[in-house]
J.: 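Here it is, the structure in full.
Keep in mind that what you see is a predicted model, and the values were worked out from it rather than measured. We use all heavy atoms of the structure for the numbers below, so side chains are in, but hydrogens, waters and symmetry mates are not.
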Amino acid sequence: MKRFMGLFLVAADGSETALPNLPQLCEEFGGTGRCASSPTARMSIAYDVENDFILDAEMSALSTGERAHTLHHLEEVGKLLPLKETLFIFDRGYPSKNFILELNQKTNCTGCIFRIF
């Protein structure tokens, strides 16, 4: 498998996606727009950049944040790749001291490399 400077390169990010306009979906996932009546879900992926491969993907209610998805991605990526040999990349929506502490605690990986751009 390809590596970047000796490390697996994994990017994680989330987004929102519109769902079919069904009341059941709005109840399950939440909604956006006027009166929060447009069914919308949160999606998130962990992507191996060098090998062009999605390592983990999730879809959830809007109430689930990107950070929660990322913590789950780390568990799943850890089943596939050695975390200490993996560089994780996050965008500007992720940085906080608490998030970095959660990453280290959740992965029990003090030697892991996390970069937020």
Side-chain angles (χ1 to χ4, degrees):
M1 291 179 64
K2 295 180 196 173
R3 294 179 182 225
F4 174 77
M5 298 178 65
L7 298 169
F8 294 105
L9 186 59
V10 176
D13 200 10
S15 188
E16 295 176 3
T17 188
L19 300 172
N21 195 7
L22 299 171
Q24 307 92 305
L25 291 176
C26 204
E27 288 175 26
E28 179 73 24
F29 291 96
T32 58
R34 187 177 178 149
C35 301
S37 60
S38 179
T40 307
R42 182 162 329 277
M43 311 175 300
S44 183
I45 66 167
Y47 177 73
D48 182 331
V49 176
E50 290 293 310
N51 295 292
D52 191 28
F53 188 77
I54 294 174
L55 298 166
D56 190 45
E58 293 186 330
M59 181 182 263
S60 70
L62 281 174
S63 59
T64 303
E66 287 182 324
R67 293 175 184 171
H69 278 286
T70 297
L71 293 173
H72 183 259
H73 291 326
L74 288 171
E75 289 179 22
E76 296 304 311
V77 169
K79 295 174 184 177
L80 302 169
L81 303 173
L83 292 179
K84 289 188 178 189
E85 297 174 23
T86 305
L87 172 63
F88 292 91
I89 302 173
F90 310 110
D91 68 19
R92 68 181 185 271
Y94 291 85
S96 76
K97 288 181 183 179
N98 287 339
F99 182 60
I100 298 298
L101 290 173
E102 280 185 273
L103 289 174
N104 285 325
Q105 184 178 41
K106 184 91 171 173
T107 62
N108 194 23
C109 189
T110 56
C112 292
I113 304 166
F114 302 106
R115 296 288 184 262
I116 300 173
F117 296 96

J.: List the residues meeting side-chain contact (heavy atoms from CB on, under 4.5 Å) with Leu80, not counting sequence neighbours, and say none if there are none.
T.: Leu55
J.: Where do Thr64 and Glu58 land on the side chain to side chain contact (heavy atoms under 4.5 Å, CB included) test, with the steps shown first?
T.: CA-CA 11 Å; Thr64 303; Glu58 293 186 330; 5.9 Å; no
J.: If every non-hydrogen atom of Lys84 is compared with every non-hydrogen atom of Leu7, which pair is closest and at what distance?
T.: O-CD2, 4.4 Å
J.: If we check side-chain contact (heavy atoms from CB on, under 4.5 Å) with Ile89, which of these qualifies: Val49, Val10, Leu9?
T.: Leu9
J.: Regarding Arg3 and Glu85, does a basic nitrogen lie under 4.0 Å from an acidic carboxylate oxygen?
T.: yes
J.: How close do Ser60 and His69 get, counting heavy atoms only, and between which atoms?
T.: OG-NE2, 2.8 Å
J.: Looking at CD of Glu66 and OG of Ser44, how far apart are the two atoms once the value is rounded to the nearest 0.5 Å?
T.: 6.5 Å
J.: Who else is in Met43's hydrophobic cluster (ILVMFWY, side-chain heavy atoms under 4.5 Å, direct or via others)?
T.: Leu19, Leu22, Leu25, Phe29, Met59
J.: Testing the basics here: between Gly31 and Leu62, what is the closest heavy-atom pair and its distance to 0.1 Å?
T.: O-CD1, 3.7 Å
J.: Can you find a heavy atom in the side chain of Phe88 that is under 4.5 Å from one in the side chain of Leu83?
T.: yes
J.: Evaluate the side-chain proximity of Glu50 to Phe8: yes if any heavy-atom separation is below 4.5 Å, no if none is.
T.: no
J.: Check Pro39 against Pro20 and note the closest heavy-atom contact, atom names and distance.
T.: CG-O, 3.4 Å
J.: I need the minimum non-hydrogen distance between Arg42 and Ala61, along with the two atoms involved.
T.: CB-O, 3.9 Å
J.: Check whether any side-chain N or O of Asp56 sits under 3.5 Å from a backbone N or O of Glu76 as a donor-acceptor pair, and report yes or no.
T.: no
J.: What is the distance from atom CE of Met1 to atom CG of Asn51, rounded to the nearest 0.5 Å?
T.: 4.0 Å
J.: Can a donor-acceptor pair be found between the side chains of Asp13 and Tyr47 at a distance below 3.5 Å?
T.: no
